[in-house]
Q: 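Input: one structure, supplied below.
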Amino acid sequence: MKKNFDRRDGQQQESDDTRNSSRRKNMKRLGGGGLSLQTFANLKSKNSHYNPSFIKKQKEFYKNAKYVSKFRKSMKQQSFHEEVDDGDDDKHKVKSHKRIGVEEVYKQTREEMEKARMEREAAFQVKKEAKDEAESRRKAAKGKMMRKTRHGQPVMKYRIEHLLESIKKSAENDGSRTA
């Protein structure tokens, strides 16, 4: 009977080993063991310096500081304009005492930006038209160059015209360079 108990203990020991090895494999696969209760409690009790409301207030503070610095710059610029205008006639002095409001400065910058955008769009439109025109010329030239006779030979008339035009252009360019 004792042998049977020894046998059971042996079987029990084998199952414990397989259970422990599978547990170790699972722990390894999942990234190791978890935190101990003491470590977890210590981490929770420490101040992590993460406070969303403080961060929000700090962002608002920096945003306000940016606005204040912009306002001060505009005021400094206005005072500079006033000093420049003081040397002029009395009529200009009356106008110089009127301070330019933030809205007027905004309108001025907005108009400048709009004008710059319109110029960019006009330049883009001119480029686009030139590109379309060049593309249509290339298509027409390609159509002429691809034409074939009924025997499958290329039509030489258009090829010779093309060569003649390219020679004339190069002669004009050479003539304009030397002149």
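Quick caveat, the model's predicted, so the values are computed rather than measured.
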Q: For R72, does the CZ atom have more than 12 heavy-atom neighbours from other residues, nucleotides or ligands under 6.0 Å away?
A: no
Q: To the nearest 0.5 Å, what is the distance between NZ on K57 and CD1 on I55?
A: 12.5 Å
Q: Using a strict threshold of under 4.0 Å (side-chain N to carboxylate O), is an ion pair present between R110 and E114?
A: no
Q: Hydrophobic clusters join Ile, Leu, Val, Met, Phe, Trp and Tyr when side-chain heavy atoms are under 4.5 Å apart, directly or via other members; which others share one with I160?
A: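 Joined to I160, directly or through intermediates: M156.
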Q: List the atom of S79, the atom of K76, and the distance in Å for their closest heavy-atom pair.
A: OG-O, 2.7 Å
Q: Could you walk me through whether K131 and K127 pass the side chain to side chain contact (heavy atoms under 4.5 Å, CB included) test, one step at a time?
A: CA-CA 6 Å; K131 190 176 177 182; K127 280 185 181 179; over 6 Å; no
Q: What is the distance from atom CD of E104 to atom CD of Q78, rounded to the nearest 0.5 Å?
A: 9.0 Å
Q: Once you round to the nearest 0.5 Å, how far does CD of E111 lie from NZ of K107?
A: 8.5 Å
Q: What residues, two or more places apart in sequence or in another chain, satisfy side-chain hydrogen bond (donor to acceptor under 3.5 Å, both in side chains) together with E133?
A: R137
Q: Taking all non-hydrogen atoms of both residues, which atom of V155 and which atom of K148 are closest, and how far apart?
A: CG2-C, 3.9 Å
Q: Which residue in the set R138, K139, K144, M146 passes side chain to side chain contact (heavy atoms under 4.5 Å, CB included) when paired with K142?
A: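 Passing option: M146.
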Q: Tell me, which pairs form a side-chain hydrogen bond (donor to acceptor under 3.5 Å, both in side chains) where one or both residues lie in residues 158-169, sequence neighbours left out?
A: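 Of all non-adjacent pairs touching residues 158-169, those that pass side-chain hydrogen bond (donor to acceptor under 3.5 Å, both in side chains) are R147-Y158.
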Q: With a cut-off of 6.0 Å (strictly less than), are more than 12 heavy atoms of other residues, nucleotides or ligands near CD of E121?
A: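 Yes, the 6.0 Å shell around CD holds more than 12 heavy atoms from other groups.
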Q: If you round to the nearest 0.5 Å, how far is OG of S74 from CD of Q77?
A: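 Answer for the CD-OG pair, Q77 versus S74, is 7.5 Å.
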